[in-house]
Each structure stands twice: as C-alpha cells, then as structure tokens.
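Numbering of ligands and ligand atoms starts at 1, following listing order.
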Amino acid sequence: MRSRALQALGTAAAVGGGAFAYGSLVERNWFALRRFEVPVLAAGLAPLRILHISDAHLTPRRHLLMSWIRSLDALEPDLVVNTGDSIAHPQAIEPFMEALGPLLDRPGVFVYGSNDLYSPQPRNPVRYLWETSARAHRHRHRPDMPWPELGAAMTDAGWLDANNQRGRIKAADLDIEVAGVHDSHTNRDRYDHVAGPADPAADLRLGVMHSPEPRVMDRFAADGYNLLLAGHTHGGQLRLPLYGALVSNCGLDPRMARGLHRYPGGTPGAGWPGTWLHVSAGLGTSPWAPIRFCCRPEATLLTLVPRIG
Ligand SMILES: [Fe+2]
C-alpha cells in the first residue's frame, strides 16, 4: 500500500516537473501571432492594421523575446498600441526600446501597467484563484521602477502617452481619436480626465487601458469608443486544457480574458457600430513565475475593416 502511494507521489512529481519544464523552457518562448478582423470602420474606408502588444515584462536577458518583438515590424502595421507592463527590471528600458526598434518609426500609443511602476515580487500563482494581485500593491505607495524614463523614451519616439489623456492620431490616412487611462489595477485611472462623447466625425474611436476593468470600459462604451484594447490578464494567469481561463485578475469575465469580443453597452443608434474589446494575453511573464501553460505568449495584428450593413 505504502509503495503504491509512493509510486503515485512519484508520478505526480514527474508530471508536475515535466509541465513546469515545458512551460518555462518551451511555451514561454513559443511566441504566437494572433490575427483578427474587426468590422468597425465606416463603409468605403481602407483597412487599418493595428499591432497590439502588451505585458512584455521585459528583463535584459530575454533576447528571444526581444528579437521576436523586433520582427513584428515586418507585418507593416499602421499603428502600434502597447497596453503596458512593458518592463520587469530597472535596466530594461533600453532593451525594450531596442526590441521595439523600427516599430518606433510608426504611429504608436501607450499606457502603463502596474509592473512599469512597481518592481516584481514573488507571488504564489494559486492566490489568483481567490484574490487579484491588486491586493499585493496596497502596501506599496511609492513606485520603485523608472516609469517616467520609460514613458519619455516612447514619447520622444513620437508615441502618444494615453495615461488619463486624450489625443488624435493619423494612421494610414485615417483620423483616430484616442483616449486612455492610467493603470486601474493600482487605482491610477482617472476616467473623468478623458470623459465626454468621442468625436463622431473620427474614423475610429479607440479606448486604451492596461487592466480591462468594467467600470472603465462601461464609460468608454457610453462615450462612443468603438474599439477597446487592454492587456493585464495574461490570458487568465491560470488556464486549464480544454477549459480555459479560471480567473482574469480583474473585474472582467474570465471567458473574455483574451481575444476579441463584443463589449456590451454604448449608445446604440443610427450608424452605431457597437464596441469591440480585444484583450491581449501578453508577451511575457513575471520573472518570479517564468512559465506559460496553455497560453502561448502573443502579439496581435488587428485588421480593421468596414462593418457589414
Ligand atoms: Fe502583466
């Protein structure tokens, strides 16, 4: 009996060890490019390609990740949107900018995530089952990461800082109104700073945030933003084969923890195309949990096309 129990324990340890080795050595570097078509433009407009990147959590030695990000320029996106958690090490700004490389010559937008402000700390991933990681930030009041330098590097390259700010971008001859919020996971979002109806004359009304919190997205939708981009979820942090995400680490329904979805709400009326939400499962991992499982690291090419009807 005892030997059977020991055998079962040994098998469980071997399966667990194998899964960890696969998740940290294979899947963590098995980058995926996702593609979605989003029918959100008015009839007659030419398609617009948006490259959505998020949650790189870059540390200076992740050379495979850096060169994969750099290679995404070959997709020739018209606009790049970075929804935060770009760095996970104080020395990672230069490597991150080098990874972006030629993408910085394209129109771009960014917001911060909590990990751009606070250095990573060890956390038991099982805790995500009963609480979000926002709790871990409650006792950390002063950011210890060089986030102003990170933001300055991207704005110096011409990218729009959308942290609690609105702006206007021209990309592929389209006029895009952009509004974004700072990280809601650490309560830095100030939607009131960007509140108000989006310009109906804009070809696209784009809402950008790190964490897809319903309290923020409901207001974007009510103001007429028709495409919302977010990251933060890491596809659910924990995913089970054939089931999917168990949690979203925020107020979002775990079934929407990654991919493209219709977002309910808004102001339906003549010509209202509704609101679409794309959540990126992200490119990286916390340095303290260097593993991806059933959720390959990803970037997404969204091709916006005219809506039907
Ligand atoms: Fe993240």
K.L.:
Do the rings of Trp68 and Phe31 sit parallel, tilted or perpendicular, given the 30° and 60° boundaries?
P.N.:
parallel
K.L.:
For Asp223 and Arg205, what are the C-alpha separation, side-chain angles and deciding distance, and is it a salt bridge (Lys or Arg N to Asp or Glu O under 4.0 Å)?
P.N.:
CA-CA 10 Å; Asp223 278 339; Arg205 295 169 289 284; over 6 Å; no
K.L.:
Are Asp203 and Lys170 close enough, and set up right, to give a salt bridge (Lys or Arg N to Asp or Glu O under 4.0 Å), and what steps lead you there?
P.N.:
CA-CA 10 Å; Asp203 296 318; Lys170 194 128 184 122; over 6 Å; no
K.L.:
Hey, could you give me the CZ/CE distance between Phe110 and Met154, rounded to the nearest 0.5 Å?
P.N.:
4.5 Å
K.L.:
So with a 6.0 Å cut-off around CG of Asp173, is the heavy-atom count from everything else above 12?
P.N.:
no
K.L.:
Ignoring waters, how many protein N/O/S atoms are under 2.8 Å from the Fe ion (ligand 1)?
P.N.:
4
K.L.:
For residues 89-98, which side-chain N or O atoms pair as donor and acceptor with protein atoms under 3.5 Å away, sequence neighbours left out?
P.N.:
unit_1, atom_1, unit_2, atom_2, d
His89, ND1, Gln91, N, 2.9

